[in-house]
Chemist: 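Please find one structure pasted underneath; my questions will follow.
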Amino acid sequence: MAKTVLVINSGSSSIKYQLVDLESGEGIASGIVEKIGEPIDGHYKYEYNGEKHELDEKVENHEQGLKRVLGFFEEYGPSLEEAGIIAVGHRVVQGGDTFPNPALVTPDTTAKVEELAVLAPLHNGPEAKGARVMRELLPEIPQVYVFDSSFFQQLPKASSTYALNKEVADKYKIKRYGAHGTSHWFVSSQIPEFLGIDAEAAKGLKQIVLHIGNGASASAELGGRPIETSMGLTPLEGLVMGSRTGDIDPAAVFHLMRNADMDVDELDDLFNKKSGMMGMTGFGDMREVHRLVAEGDENAKLALDIYVHRIVSYIGAYTAQLGGLDVLTFTAGVGENDEIVRRMVCEKLAPFGVKLDNDKNDTRSKEPRIISTPDSTVTVLVYPTNEELAIAQRANEIVTAGEDTYGNKI
């Protein structure tokens with residue numbers, strides 16, 4: 001019988017889910033629940049075996065939404081029992097210092113996840129809620145929290161510590177936690193095998209992973225361990241994103257409070273939802289930005305230059321911290337599908353011996369591939385991320401062990 005994990009990503013008003021086959025790594029069935037708790041009809045989408053099923057109805061809460069999802073599995077297949085489900089894996093954005101590893105869903109761990117909502121107010125609460133509901137609906141199936149921030153708990157203190165007053169930083173838990181950690185862990189861990197690098201040589205492998213999509217982050221790994229990442233206390237810091245500023249002088253906050261009479265909520269909205277490519281061009285979708293550039297829009301051209309400039313700056317800094325660079329990997333929506341951004345980045349790196357194979361770069365594919373020439377000083381890759389598989393694999397580790405690292409047993 002197949003072994004599968006149902007991966008759940010609960011948001012405040014939506015739930016994404018996928019049933020993952022651990023052996024093949026493929027998503028067997030997947031879907032989304034949208035507009036939970038809103039006064040209008042919600043929307044369900046369920047995809048299995050090449051067929052799509054959709055339903056519009058009011059979704060009062062997460063419990064109703066998840067009950068309907070489990071009903072879809074029974075109605076349209078595959079039955080979870082027949083599919084060999086061994087666990088439900090819940091993606092959680094913020095584990096803080098509390099959770100350096102995955103954890104079984106228990107009343108205690110759920111309470112701690114909710115406490116950490118102070119560091120991720122839009123995410124942790126709904127994620128805990130989804131886990132609590134699924135634990136009630138499938139009480140015989142182990143439920144596992146997999147934390148997006150866990151991978152970056154390994155960061156050196158020189159990287160994770162801000163030069164903020166120590167008492168204030170300690171009291172309010174202000175440090176670099178990073179985000180997209182599940183993606184960075186998955187991609188960087190796959191590269192040695194993909195390139196045929198043996199375990200001994202992999203101990204010294206110097207990698208930079210660029211997870212660039214609507215949200216974007218960079219990371220540096222030495223021998224598989226992270227030494228740098230661009231997102232910080234929150235996902236706002238770092239690269240330019242679809243609607244987030246990325247790096248900006250914190251004094252911009254004081255300036256806007258004093259001179260524009262903007263309050264904290266307005267600034268939060270401005271920096272997270274109305275800036276980045278959206279704020280500079282009117283579009284967060286890079287395909288629209290490229291269209292504007294092709295039409296001669298100077299604002300769009302400048303925005304694209306800023307986007308690439310920031311990425312290249314991080315590559316330069318991380319290469320210095322690594323003491324060189326062996327592999328540069330592009331992943332996530334833009335990284336996997338935007339040949340223009342990849343080409344612009346690599347052209348900036350050409351003086352350091354990075355050589356792109358333009359034919360390979362311009363070829364669309366869902367498969368991992370090398371896009372640099374054989375004589376390039378750095379191997380440049382496109383490697384599709386698979387966060388659902390990564391979450392499933394981490395959940396399987398807990399099930400196989402029969403316990404987590406915090407003393408909770410199945």
Side-chain angles (χ1 to χ4, degrees), residues 92-103 109 112-113 115-121 123-124 145-189 191-192 202-211 215-239 244-251 253 310-311 313-329 390 394 404-407:
V92 180
V93 165
Q94 184 56 263
D97 290 327
T98 307
F99 295 106
N101 297 301
T109 56
K112 290 176 180 175
V113 167
E115 288 172 8
L116 288 165
V118 68
L119 298 174
H123 299 93
N124 273 45
Y145 286 125
V146 179
F147 300 92
D148 221 15
S149 56
S150 289
F151 183 56
F152 295 121
Q153 283 298 305
Q154 304 175 71
L155 287 174
K157 287 191 174 181
S159 173
S160 64
T161 306
Y162 290 116
L164 181 67
N165 176 279
K166 189 176 186 304
E167 290 184 8
V168 173
D170 289 347
K171 181 177 180 179
Y172 295 101
K173 304 182 186 303
I174 299 173
K175 57 174 282 189
R176 182 180 304 284
Y177 293 102
H180 297 149
T182 308
S183 174
H184 286 281
W185 168 78
F186 176 81
V187 171
S188 63
S189 68
I191 298 308
K203 292 178 181 178
L205 190 66
K206 300 168 182 176
Q207 298 189 62
I208 291 175
V209 176
L210 299 173
H211 176 114
S217 58
S219 69
E221 285 79 29
L222 179 59
R225 292 178 64 88
I227 67 163
E228 279 283 8
T229 193
S230 57
M231 286 180 168
L233 173 70
T234 75
L236 180 63
E237 188 179 2
L239 305 180
R244 296 181 184 131
T245 61
D247 291 339
I248 188 170
D249 185 345
V253 172
R310 188 77 57 84
I311 291 171
S313 294
Y314 269 89
I315 293 172
Y318 288 1
T319 300
Q321 293 290 355
L322 286 165
L325 182 61
D326 299 316
V327 181
L328 174 66
T329 303
R394 300 311 301 271
D404 61 22
T405 58
Y406 312 102

Chemist: Tyr177 and Gln153: side-chain contact (heavy atoms from CB on, under 4.5 Å), yes or no, with the steps?
Modeler: CA-CA 7 Å; Tyr177 293 102; Gln153 283 298 305; 3.9 Å; yes
Chemist: Classify the ring geometry of His180 against His211: parallel below 30°, tilted from 30° to 60°, perpendicular beyond 60°.
Modeler: parallel
Chemist: Just by distance, do the side chain of Asp148 and the backbone of Val92 share a donor-acceptor pair under 3.5 Å?
Modeler: no
Chemist: Hey, are the side chains of Thr229 and Arg176 touching, using non-hydrogen atoms and a 4.5 Å cut-off?
Modeler: yes
Chemist: Using side-chain heavy atoms (C-beta onward) and a distance below 4.5 Å, is Trp185 in contact with Ser219?
Modeler: no
Chemist: Please step through side-chain contact (heavy atoms from CB on, under 4.5 Å) for the pair Ile315 and Leu328, ending with a clear verdict.
Modeler: CA-CA 9 Å; Ile315 293 172; Leu328 174 66; 4.1 Å; yes
Chemist: Using a 4.5 Å cut-off on heavy atoms from C-beta on, say whether the side chain of Ser230 contacts that of Glu237.
Modeler: no
Chemist: Under 3.5 Å, is there a donor-acceptor pair between the Asp247 and Tyr314 side chains?
Modeler: yes
Chemist: Using a 4.5 Å cut-off on heavy atoms from C-beta on, say whether the side chain of Pro235 contacts that of Arg244.
Modeler: yes
Chemist: Would you mind telling me which of Asp97, Thr161, Asp170 makes a side-chain hydrogen bond (donor to acceptor under 3.5 Å, both in side chains) with Lys175?
Modeler: Asp97
Chemist: What closest approach, in Å, do Gln207 and Ser188 show between heavy atoms, and which atom pair accounts for it?
Modeler: NE2-O, 3.1 Å
Chemist: Any side-chain heavy atom of His123 within less than 4.5 Å of one from Gln94?
Modeler: no
Chemist: In Å and rounded to the nearest 0.5 Å, what is the CG to CD1 distance from Leu210 to Ile311?
Modeler: 6.0 Å
Chemist: Just verifying a value: how many Å separate Leu205 CG and Arg225 CZ, rounded to the nearest 0.5 Å?
Modeler: 15.0 Å
Chemist: Give the minimum heavy-atom separation between Leu222 and Lys206, together with the two atoms involved.
Modeler: CD1-CG, 3.7 Å
Chemist: Is the closest side-chain donor-acceptor distance between Ser159 and Glu228 under 3.5 Å?
Modeler: yes
Chemist: Do Leu116 and Phe99 make a side-chain contact, defined as non-hydrogen atoms from C-beta onward lying under 4.5 Å apart?
Modeler: yes
Chemist: Find out whether Ile208 and Leu325 are in side-chain contact, i.e. whether some heavy atom of one side chain is under 4.5 Å from a heavy atom of the other.
Modeler: yes
Chemist: Return the minimal non-hydrogen interatomic distance between Thr109 and Ala103, and the atom names on each side.
Modeler: CG2-CB, 4.2 Å
Chemist: For a quick test of reading the model, state the closest non-hydrogen atom pair linking Ser149 to Gly96 and the distance between them.
Modeler: OG-N, 3.8 Å
Chemist: Find out whether Phe151 and Thr182 are in side-chain contact, i.e. whether some heavy atom of one side chain is under 4.5 Å from a heavy atom of the other.
Modeler: no
Chemist: Identify the heavy atoms of Tyr406 and Asn101 that sit nearest to each other, and give their distance.
Modeler: OH-O, 2.7 Å
Chemist: What are the two closest heavy atoms between Leu239 and Arg310, and how far apart are they?
Modeler: CA-CG, 3.8 Å
Chemist: Would you sort out whether Ile227 and Glu221 count as a side-chain contact (heavy atoms from CB on, under 4.5 Å), showing the intermediate values?
Modeler: CA-CA 6 Å; Ile227 67 163; Glu221 285 79 29; over 6 Å; no
Chemist: Taking atom OH as the centre, does Tyr172 end up with more than 12 heavy-atom neighbours from other residues, nucleotides or ligands that are less than 6.0 angstrom away?
Modeler: no
